Amino acid sequence: MKQIVVFASGSGSNAENIISYFKKGDLARVSAVFSNNPDAPVLQRAKKHGVPTIVFSKAELQTEKVLQKVNEFRPDLIVLAGFLLKFPDNIINVYPNKIVNIHPALLPKYGGKGMYGMNVHRAVLENGEKETGISIHYVNSDYDEGRLIAQHKVSIEHCRDSESVAQKIHEIEQEHFPKVIENLLIKSEK
């Protein structure tokens, strides 16, 4: 069975969706959830599903400590699901093309440092975009610049505020993110 390690900083709705999705089959399972936020709701969501959680500080992320802990789970894929810190090169170097992130916009637009969550949705609306979407990409040492894996679009013509854009994005994240992860894991078997 393939092992997935998830990194998340916030509520964890995508992390929980991924946990639930893979519980249904025998291809993979989420073996751990890592978070830099000791108060993040994602930790309770993971525990509810019996998934081990690891909390670390921003400073610890830059040391070998987090990498050593990740290595204990021997992940086939590392998934960033609402993880807000820059991912460290020491982990990227050990797991090249095995770390993926989801971004709530159609990259390369609205990416980069500080572009997450409602910041992205506000920018999309303020610029009068008629559609937005999600981008799933490999992680490299630059924010949101890794090679694209998949993008899914949604119309936002009738959205009047960033909350309604966020809801549309959340729906397509929930639908597509686990399937893209599943396809990556299936391809890695070949």
Side-chain angles (χ1 to χ4, degrees), residues 4-19 30 33-46 53-62 66 70 77-89 91-92 95 98-156 159-178 180-181:
I4 302 167
V5 166
V6 174
F7 278 73
S9 298
S11 80
S13 60
N14 274 322
E16 185 171 32
N17 187 41
I18 293 162
I19 292 167
V30 174
V33 171
F34 284 66
S35 184
N36 61 301
N37 179 356
D39 300 318
V42 69
L43 299 170
Q44 296 311 313
R45 289 180 189 251
T53 59
I54 292 87
V55 177
F56 56 89
S57 69
K58 185 176 181 179
E60 287 172 327
L61 182 61
Q62 302 306 322
V66 175
V70 167
L77 197 64
I78 298 171
V79 175
L80 311 188
F83 185 65
L84 300 182
L85 298 180
K86 188 168 187 307
F87 215 64
D89 287 339
I91 300 177
I92 294 169
Y95 294 96
K98 296 216 179 276
I99 307 169
V100 299
N101 181 45
I102 188 165
H103 185 75
L106 298 171
L107 292 172
K109 288 182 168 183
Y110 309 107
K113 187 172 174 60
M115 292 305 284
Y116 59 87
M118 290 308 223
N119 296 346
V120 173
H121 307 317
R122 271 191 293 277
V124 165
L125 272 183
E126 287 167 5
N127 285 310
E129 298 285 356
K130 300 286 184 237
E131 67 180 8
T132 188
I134 59 171
S135 299
I136 300 163
H137 64 91
Y138 289 106
V139 173
N140 65 14
S141 55
D142 298 309
Y143 278 112
D144 302 324
E145 291 184 15
R147 184 167 48 93
L148 280 175
I149 299 164
Q151 288 187 314
H152 296 279
K153 297 177 182 179
V154 64
S155 170
I156 55 167
C159 292
R160 299 289 166 247
D161 55 37
S162 51
E163 288 77 16
S164 56
V165 174
Q167 182 57 42
K168 287 194 166 228
I169 291 296
H170 181 72
E171 289 168 10
I172 62 173
E173 285 175 339
Q174 296 283 299
E175 178 184 353
H176 294 289
F177 200 18
V180 171
I181 294 166

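Heavy-atom basis, side chains included; hydrogens, waters and symmetry copies ignored. Given the structure is predicted, the values throughout are model-derived calculations rather than measurements. Along the sequence shown, residues carry numbers from 1.
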*With sequence neighbours excluded, tell me which residues meet salt bridge (charged side-chain N to carboxylate O under 4.0 Å, His left out) with Glu60.*
Lys65
_Inter-residue atom distance Ile102.CD1 - Phe177.CZ, 0.5 Å rounding_ = 4.5 Å
_Using only atom types and a distance under 3.5 Å, with no angle test, would you say the side chain of Lys168 pairs donor to acceptor with the backbone of Cys159?_
no
*Looking at Lys86 and Asp142, what are the two nearest heavy atoms and their distance?*
NZ-N, 4.4 Å
_4.5 Å side-chain heavy-atom contact, Val154 and Thr132_ = yes
*Does any donor atom in the side chain of Gln167 or Glu163 lie under 3.5 Å from an acceptor atom in the other side chain?*
no
*Could you please spell out the steps behind the side-chain contact (heavy atoms from CB on, under 4.5 Å) verdict for Lys153 and Leu106?*
CA-CA 8 Å; Lys153 297 177 182 179; Leu106 298 171; 3.7 Å; yes
*Least distance between heavy atoms, Pro88 atom then Gln62 atom*: CB-OE1, 3.9 Å
*Does the side chain of Tyr95 reach to within under 4.5 Å of the side chain of Val139, using non-hydrogen atoms?*
no
*asked:* As an exercise, state the distance from CD1 of Ile78 to CG of Asn101, rounded to the nearest 0.5 Å.
replied: 12.0 Å
*Could I get the full list of side chain to side chain donor-acceptor pair (under 3.5 Å) partners for Asn37, not counting sequence neighbours?*
none
*Out of curiosity, Ile134 CD1 to Ile172 CD1, how far, rounded to the nearest 0.5 Å?*
4.5 Å
_Min side-chain heavy-atom separation Val42-Val33 under 4.5 Å_ = yes
*Partners passing side-chain contact (heavy atoms from CB on, under 4.5 Å) against Arg147 (at least two apart in sequence or in another chain)*: Asn97, Tyr138
*Separation between OG of Ser9 and CG of Leu80, rounded to the nearest 0.5 Å*: 9.0 Å
*Side chains of Val79 and Ile181: does their closest heavy-atom pair fall under 4.5 Å?*
yes
*What distance separates Ser35 OG from Ile54 CD1, expressed to the nearest 0.5 Å?*
10.5 Å
*Hey, are Glu145 and Asn140 close enough side-chain-wise for a donor-acceptor pair under 3.5 Å?*
no
_Heavy-atom closest contact (Ala123 atom, Met115 atom, distance)_ = CB-CE, 3.8 Å
*Would you give the length of the straight line joining atom NZ of Lys109 to atom CG of Asp144, rounded to the nearest 0.5 angstrom?*
15.0 Å
*Under the side chain to side chain donor-acceptor pair (under 3.5 Å) test, which residues partner Asn119, sequence neighbours left out?*
Arg122
_For Tyr110, all residues meeting side chain to side chain donor-acceptor pair (under 3.5 Å), sequence neighbours excluded_ = Asn127, Glu129
*Measure across Ala15 and Ala81 and return the closest heavy-atom pair with its distance rounded to 0.1 Å.*
N-CB, 4.2 Å
*Which heavy atom of Ile99 sits nearest a heavy atom of Ile91, and at what distance?*
CD1-O, 4.0 Å
*Not counting sequence neighbours, which residues clear salt bridge (charged side-chain N to carboxylate O under 4.0 Å, His left out) with Lys58? List them please.*
none
*Does a donor on one side chain sit under 3.5 Å from an acceptor on the other, for Gln151 and Ser135?*
yes
_Could you tell me if the side chain of His152 sits less than 4.5 Å from the side chain of Glu173, heavy atoms only?_
no
*Are any of the side-chain heavy atoms of Phe7 and Phe56 separated by less than 4.5 Å?*
yes
_Is the distance between the ring centroids of Phe83 and Phe34 under 6.0 Å?_
no
*Tell me, do Arg45 and Ser13 make a side-chain contact under 4.5 Å, heavy atoms counted?*
yes
*Would you say the side chain of Lys130 lies within less than 4.5 Å of the side chain of Ile156, judging by non-hydrogen atoms?*
no
*What heavy-atom pair brings Thr53 and Ala46 nearest, and what distance separates the two atoms?*
CG2-CB, 3.6 Å
